[in-house]
2 protein chains.
Amino acid sequence: MAAVSIRDVAQHAGVSVGTVSNVLNRPGEVSAESVRRVQEAIEALGYVRNDAARKLRAGVSTTVGFVVLDGQNPFFGDVVRGAEDEGSKSGIAILYGNTDEDPKRERTYLDLFEEQQVRGVLISPYGDINPRLERLRARGIAAVLVDRFSGDGRFSSVSVDSVAGGRMAVEHLIATGRRRIAFVGGPFEIRQVTDRLAGARAAAENAREHVDLEVVATDALTVADGAAAGARIIARPRSERPDAIFAANDLLALGLLQALIVDGRMLVPHDIALIGFDDISFAAAAAVPLSSMRQPSRMIGRTALRILLEETADPELIPRQTVFQPELVVRASTTPRR
Amino acid sequence: MAAVSIRDVAQHAGVSVGTVSNVLNRPGEVSAESVRRVQEAIEALGYVRNDAARKLRAGVSTTVGFVVLDGQNPFFGDVVRGAEDEGSKSGIAILYGNTDEDPKRERTYLDLFEEQQVRGVLISPYGDINPRLERLRARGIAAVLVDRFSGDGRFSSVSVDSVAGGRMAVEHLIATGRRRIAFVGGPFEIRQVTDRLAGARAAAENAREHVDLEVVATDALTVADGAAAGARIIARPRSERPDAIFAANDLLALGLLQALIVDGRMLVPHDIALIGFDDISFAAAAAVPLSSMRQPSRMIGRTALRILLEETADPELIPRQTVFQPELVVRASTTPRR
DNA sequence: AAAACTTTATGAATCGATTCAGGCTCGATT
DNA sequence: AATCGAGCCTGAATCGATTCATAAAGTTTT
């Protein structure tokens, strides 16, 4: 076990530990000769900085915690990737936690990040966690909400306008001739779900003609829950079935699509149109290519991490809300019937 | 800024710092009365253990690094999830790094994990990184290869028998009447790719009748590369096109499928059969439900983390190779033509 | 040539949890 | 009564990087 410390490097280079530390952290203030000698020693001894000691003394961490709602969802995979890219520019690594829409897991991860004294936390929250985040802030750990608008402005956030997205999706369904629309989504503890529903409601109410909007609740935003919801819809008498579905995300939509296709009684898009949300890369490759509301997922991750770093650099900064606009992507699943 | 230390807790509880530490780490050796007082003080002051100090002194870390080949691939999402589940049992968090098949990023992450002195590293490697892992081992950081057999047995590994998987996939294609098979995959620095190809070759050579097996190389294992490969195959004169494709993973397969469907000249499975590898959850929801070789992804993650923890507990353990068998999942994309 | 700066280097003090040799109490053993 | 051991507690030393007051050497200004 090597265990080469800064002291060994100093000795080998014939300088003091302070100088080695300076070479590591502010090489500009050290003579070129010393820099060279120290770097040689580091090379020769295979020295690797001990991050624990550094963190303890300097109080700065090089890791950022990311609490994700659903690690299985490619959308979050893309967001994390964006954050990772931005972080690697400044040597920041991501400590990763997947809550799977479970508040207990959410708490556990936040506790862990607190012990780790991460530089900051990115989180796509489940339910209301402001109090918890306030406590982290009191400890000097900033937080940025991801994919979720911070209504009270207590924290910065990077999100997509889910209300607008919901509205656009349903307006599109109406424009293509649908009048009996089902919103499939849940749980309603997830803000994005309620926002998308609110947008859908607004679109239905503002339509020129009468539009029915019903809500089909799901337990989670997964393919399996989508398939289950699809089965329930199929089981209804023909007259009570909707002629369009707006699913709260693409996983649900793909599950619904699967259920509808396997059953075969209702054709997409002829009998029933289907639109999702997120535009994950698999939406285009679906059995019937899926219309969706595209979110700039990677950009969301990049932006969130950038803001987080800015805030940790200057804690006086006022929280700001960054909202991207979603984009309607029309594919076969919402083609108008003839 | 609170900054409550173990010293404050000790004072508040009227005991020494050593006792507080004992309550935290081996409560059995402390009187019930002291435990109670210390826990009250912790509660009252809102004390949170400083992991950096703990790590520095005790030399044990509660994080494990996970270097993943392709964070976009849901397969790895599942594997990470498995590791996370297993880790949460013992309070282990995952430090996450996505290399995107880039050796430079791979190195960067390993450096970072070394500085962080993680408990151990799980890695699905690109190319040959044994030397690098040996160095980590010399520093007391164990590593377990994920989704990759360790040929020389220098490290433990948890993988799926890719050769067998490749063989089974191609045997299935042959059994359903295909004779001109294309293997689509790459880059060949990725061991899984070469293994799956080797299995495919074996199946082709052992077939009763003559079977053609050609290789269509791709730059990466992504949907986009799959679509590009599909375009190249379509562009050929009809007589030179294969009647079946074995794609090195499902992302490629979905890309291929997309290209074939958009073009429309070759129907899947009638003109050309298609099978992938991994059985990601989107395979079943594809335009033509995709046959695939299923890997027990979550189990791979769980097992890998368990082995890693066992090895860090006892460094004398001999590396062991855990190999799961893949399972053929037949769907519409390889239905025999009539 | 003295004074006033600059530049660069030094090394002890520090961060907070853990460890461990040593101390105290009290009941059991001789 | 002396000795021993079990049980529990104490607090100084420690891990390794950073910081900062201090000093030494070199340069410019007066």
Side-chain angles (χ1 to χ4, degrees), chain A residues 1-39 41-42 45-63 91 112 114-119 139-140, chain B residues 1-39 41-42 45-63 91 112 114-119 139-140:
Chain A
M1 288 294 135
V4 180
S5 83
I6 204 174
R7 224 166 298 273
D8 303 315
V9 174
Q11 193 168 25
H12 191 277
V15 299
S16 74
V17 292
T19 299
V20 176
S21 177
N22 283 334
V23 169
L24 255 29
N25 298 303
R26 25 190 124 64
E29 298 184 9
V30 181
S31 71
E33 167 65 10
S34 293
V35 171
R36 197 187 52 72
R37 297 246 300 277
V38 169
Q39 275 168 350
I42 287 177
L45 301 176
Y47 167 77
V48 173
R49 206 204 226 115
N50 181 331
D51 189 70
R54 172 188 173 74
K55 183 147 69 179
L56 173 59
R57 178 64 236 250
V60 289
S61 168
T62 55
T63 59
L112 198 100
E114 194 177 341
E115 281 192 19
Q116 296 272 338
Q117 297 184 264
V118 295
R119 177 92 138 254
R139 283 227 156 58
Chain B
M1 298 283 142
V4 181
S5 83
I6 203 174
R7 221 165 300 272
D8 304 315
V9 174
Q11 195 168 20
H12 190 278
V15 299
S16 75
V17 293
T19 300
V20 177
S21 177
N22 282 335
V23 170
L24 257 27
N25 298 303
R26 25 191 124 63
E29 298 184 8
V30 181
S31 71
E33 168 64 10
S34 294
V35 171
R36 196 186 53 73
R37 298 248 299 278
V38 168
Q39 274 168 349
I42 287 177
L45 301 175
Y47 166 77
V48 173
R49 210 205 222 113
N50 182 329
D51 190 69
R54 174 186 171 75
K55 184 147 68 178
L56 173 59
R57 179 64 236 250
V60 289
S61 168
T62 56
T63 60
L112 198 99
E114 193 176 344
E115 282 193 17
Q116 295 272 340
Q117 297 183 264
V118 295
R119 177 90 139 256
R139 283 227 155 56

Rounded to the nearest 0.5 Å, what separation is found between the [atom1] atom of [X] and the [atom2] atom of [Y]?
X: A:Gln117; Y: B:Arg49; atom1: CD; atom2: CZ; result: 12.5 Å
X: B:Asn22; Y: B:Ser34; atom1: CG; atom2: OG; result: 10.0 Å
X: A:Asp51; Y: B:Leu56; atom1: CG; atom2: CG; result: 11.0 Å
X: A:Tyr47; Y: A:His12; atom1: OH; atom2: NE2; result: 15.0 Å
X: B:Ser16; Y: B:Gln11; atom1: OG; atom2: CD; result: 12.5 Å
X: B:Ile6; Y: B:Thr19; atom1: CD1; atom2: OG1; result: 9.5 Å

Taking any heavy-atom pair under 4.0 Å as a contact, classify [X]: base, sugar-phosphate, or nothing.
X: B:Ser5; answer: sugar-phosphate
X: B:Asn25; answer: sugar-phosphate
X: B:Val15; answer: sugar-phosphate

* Asked: Start at the 5' end of DNA chain C and walk down; is the nucleotide closest to A:Ser34 or to A:Val17 reached first?
  ->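 First, find each residue's nearest nucleotide; the 5'-ward one identifies A:Ser34.
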So which protein N/O to nucleotides 22-26 of chain C N/O distances come out below 3.5 Å?
none

* Asked: In terms of the nearest nucleotide of DNA chain D, which residue is placed more toward the 5' end: B:Leu56 or B:Glu33?
  ->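 Going by which nucleotide is closer to the 5' end, it is B:Glu33.
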* CA sep, side-chain torsions, deciding dist, call: A:Val4, A:Val48, side-chain contact (heavy atoms from CB on, under 4.5 Å) -> CA-CA 7 Å; A:Val4 180; A:Val48 173; over 6 Å; no
* **Heavy-atom contact window of chain B on DNA chain D, given 5' to 3' at under 4.0 Å** =>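 Contacts span D:dC8 to D:dG16, reading 5' to 3'.
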* Just how far, in rounded Å, is P of C:dT10 from CD of A:Gln11? ->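 It works out to 13 Å between those atoms.
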* **N or O in side chain of A:Ser31 less than 4.0 angstrom from C:dA9 OP1/OP2** =>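 For C:dA9, OP1 or OP2 has a side-chain N or O of A:Ser31 closer than 4.0 Å.
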* To do: Quick one: do B:Glu115 and A:Asn50 satisfy side chain to side chain donor-acceptor pair (under 3.5 Å)? Show the steps, please.
  => CA-CA 5 Å; B:Glu115 282 193 17; A:Asn50 181 331; over 6 Å; no
